[in-house]
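Numbering of residues begins at 1 and proceeds along the displayed sequence.
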Amino acid sequence: MSLPSAMRAAIFHAPEDVRIESRAIPEPGPGDVLIRVDAALTCGTDAKAYRRGHPVLLGPAPAPFGHEYAGTVIAAGAGAGFRTGQRVTGANSAPCGSCDACRRDQEPLC
């Protein structure tokens, strides 16, 4: 399957300045997947980042904006463990693995 050459992306430039821009589509490297986003949402963290930025979630501007999505794998690098056409969603948190919530198998509450 031939990949398109460009995509639309929400790009954070500064607090209260997020723009929809055309960007080149990256080639997935080893262990990477390229996902066509079919649905995207915002959460409280996005609202805070929109208002004041977020050094960890966004990094230096300009930066891609948003982390709540579901979509379809359109390309996968070697060893990615996913296949083209597979429907996926991002794990939008990084549980510590050792707090009370993690020990109760409730990682989203970490």
Side-chain angles (χ1 to χ4, degrees):
M1 172 172 102
S2 176
L3 297 177
S5 61
M7 64 182 181
R8 293 184 331 162
I11 305 296
F12 177 89
H13 285 269
E16 300 187 14
D17 183 5
V18 172
R19 305 172 201 169
I20 304 300
E21 299 179 0
S22 180
R23 293 287 171 114
I25 294 181
E27 284 287 326
D32 293 338
V33 292
L34 182 61
I35 300 167
R36 181 191 68 230
V37 175
D38 298 321
L41 302 170
T42 57
C43 67
T45 301
D46 292 322
K48 289 184 267 186
Y50 173 76
R51 285 195 299 272
R52 61 181 180 241
H54 194 294
V56 175
L57 186 62
L58 298 174
F65 187 81
H67 63 273
E68 305 254 354
Y69 62 89
T72 305
V73 174
I74 61 171
F82 293 89
R83 66 184 184 288
T84 301
Q86 192 171 6
R87 295 179 67 184
V88 296
T89 188
N92 57 21
S93 64
C96 72
S98 60
C99 70
D100 289 341
C102 286
R103 287 194 304 272
R104 290 191 310 268
D105 292 326
Q106 296 177 319
E107 289 87 355
L109 300 177
C110 175

Check [X] against [Y] and note the closest heavy-atom contact, atom names and distance.
X     : Y      : result
Ala49 : Leu58  : CB-CD1, 4.0 Å
Arg52 : Pro15  : C-CG, 3.8 Å
Gly97 : Cys102 : N-SG, 3.2 Å
Ile74 : Thr84  : O-CG2, 3.9 Å
Val33 : Ala76  : CG1-CB, 4.2 Å

With a 4.5 Å limit on heavy-atom distance, are the side chains of Arg19 and Pro62 in contact? no

Using side-chain heavy atoms (C-beta onward) and a distance below 4.5 Å, is Pro26 in contact with Met7? yes

Rounded to the nearest 0.5 Å, how far does CD of Glu16 lie from CZ of Arg51? 8.5 Å

If you round to the nearest 0.5 Å, how far is NE2 of His67 from CG of Asp46? 5.0 Å

Asp32 meets the salt bridge (charged side-chain N to carboxylate O under 4.0 Å, His left out) criterion, sequence neighbours left out, with none

Tell me, please, which residues at least two apart from [X] pass side-chain contact (heavy atoms from CB on, under 4.5 Å).
X     : value
Val88 : Ile35, Val73, Phe82, Gln86
Ala10 : Val18, Ile20, Phe65
Ala40 : Val37

By side chain to side chain donor-acceptor pair (under 3.5 Å), which residues pair with Arg36, not counting sequence neighbours? Asp38, Thr72

Return each pair, listed once, that meets salt bridge (charged side-chain N to carboxylate O under 4.0 Å, His left out) where at least one residue sits in residues 96-105; pairs must be two or more places apart or across chains. Asp100-Arg103

